[in-house]
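In what follows, a single structure is set out as structure tokens and then discussed.
All heavy atoms count here, side chains included; hydrogens, waters and symmetry mates do not. Within every chain, numbering begins at 1; the chains are lettered A, B, ... in the order of the sequence lines, protein sequences first and strands thereafter.
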There are 2 protein chains.
Amino acid sequence: MEMLLGQFLRDQREHLQKKDKKYSLRQVAARMGINAAYLSRIERGEPLHLSEEKAIALARDLSIDADVMLALNGKISKDVQEIIKKRPQLFAELIRNLKEMPDNAILRIVRVERDGNW
Amino acid sequence: MEMLLGQFLRDQREHLQKKDKKYSLRQVAARMGINAAYLSRIERGEPLHLSEEKAIALARDLSIDADVMLALNGKISKDVQEIIKKRPQLFAELIRNLKEMPDNAILRIVRVERDGNW
DNA sequence: GACAATGTTTACTGTTTAGTATACACTAAA
DNA sequence: TTTAGTGTATACTAAACAGTAAACATTGTC
């Protein structure tokens, strides 16, 4: 469930690499500011973790959604964490209640909130 | 914003201790399975962190809401984290959208979801 | 006054996190 | 054919995390 990160990154990187050789493991690693060996181990599925900063840099480079990247990397964005920690009871209850809800029901809430129709 | 944990715990523990001497620092620490020295340092405001397990044990012992306890301890419950990580885009967007919403508006969503009126 | 229990301080510990540096084997290009 | 670039394996590391053990001064109880 989490080990998918490696293969996912490799697939995405190699896909980009076919069209542009700047997506070699070494060059991607260099752009995101880490050692190539470390990225290699992650792509090979070793249970390692990138810092939020590096994970986001990698997501940008490979055109992956940052929240998805973080989740595959076993984390949740700090800004989202901070929102929850300010009202922990409220948000914990909300999230637990939404656990089994289908996406479209949750999306409806997102939309209603964004449009402010309350 | 986070340093409040120590004073909060001390207040709550001393409050209970007035009515029942089993709420001494040493005895509470013993019941939750940690060293008294560590709990002392936390209550004094040193920037230390309890594991989720110990934090929840302490919350139980002192009749504090577990999610509040975890938040003061700088964390979010693993079960809540897992829910978010399964649908990271969806939940991240939802939470960011609810950031500025007042409690009662969020409570309304919680209640609607729980009652299943969709 | 003795003894137990309280909270505190200091120094130390093993584990995890988030990496680096170096050397290696392989392939592609000049 | 040497040279540049690719991914990989191994060994190492500094800092943070989550504590423990022991000694200490203070307060409460018999």
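Remark: B:R60 CZ is loosely packed, at most 12 non-hydrogen atoms of other residues, nucleotides or ligands lying under 6.0 Å away. Heavy-atom contacts from other residues, nucleotides or ligands closer than 6.0 Å to CD of A:E46 number more than 12. Summarising the local packing, CD of A:E14 is surrounded by more than 12 heavy atoms from other residues, nucleotides or ligands at distances under 6.0 Å.
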Using nucleotides 26-30 of chain C, report all nitrogen or oxygen pairs with the protein that are shorter than 3.5 Å.
none

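A salt bridge is absent between B:R96 and B:E93: the closest approach of a Lys/Arg side-chain nitrogen to an acidic carboxylate oxygen does not fall below 4.0 angstrom.
Across all their heavy atoms, B:E52 and B:K75 have their closest contact at N-NZ, 4.5 Å. In plain terms, the two heavy atoms of B:Q27 and B:K21 that are nearest each other are NE2-O, 3.5 Å. In plain terms, the two heavy atoms of A:Q89 and B:V68 that are nearest each other are CG-CG2, 3.6 Å.
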Under a 4.0 Å heavy-atom criterion, the protein footprint on nucleotides 5-10 of chain C, written with B, S and -, is -BBBBB
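Using a 4.5 Å heavy-atom cutoff, the side chains of A:V28 and A:L16 are not in contact. No side-chain heavy atom of B:L90 sits less than 4.5 Å from a side-chain heavy atom of B:L94. Counting heavy atoms from C-beta on, the side chains of A:L62 and A:H15 never come closer than 4.5 Å. No side-chain heavy atom of A:F91 sits less than 4.5 Å from a side-chain heavy atom of B:D67.
Contacts between residues 50-67 of chain B and DNA chain C, defined by a heavy-atom separation under 4.0 Å, are absent.
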Does the pair A:I84 and A:I76 meet the rule for a side chain to side chain contact (heavy atoms under 4.5 Å, CB included), with working shown?
CA-CA 11 Å; A:I84 295 170; A:I76 294 166; 5.7 Å; no
CA sep, side-chain torsions, deciding dist, call: A:M69, A:L9, side chain to side chain contact (heavy atoms under 4.5 Å, CB included):
CA-CA 9 Å; A:M69 175 73 214; A:L9 288 177; 3.9 Å; yes
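In summary, contact between chain A and DNA chain D, defined as any nucleotide atom under 4.0 Å from a heavy atom of the protein, begins and ends at D:dT6 to D:dA11 in the 5' to 3' direction.
At its two ends the helix from C:dG1-D:dC30 to C:dA30-D:dT1 runs along axes set 10° apart, each axis drawn from five pairs and the angle rounded to 10°.
B:R13 contributes no side-chain N or O that, together with a main-chain N or O of B:E43, makes up a donor-acceptor pair within less than 3.5 Å.
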What side-chain donor-acceptor pairs closer than 3.5 Å can you find for residues 32-39 of chain A, not counting sequence neighbours?
unit_1 : atom_1 : unit_2 : atom_2 : d
A:N35  : OD1    : A:A37  : N      : 2.9
A:Y38  : OH     : A:H49  : O      : 3.0

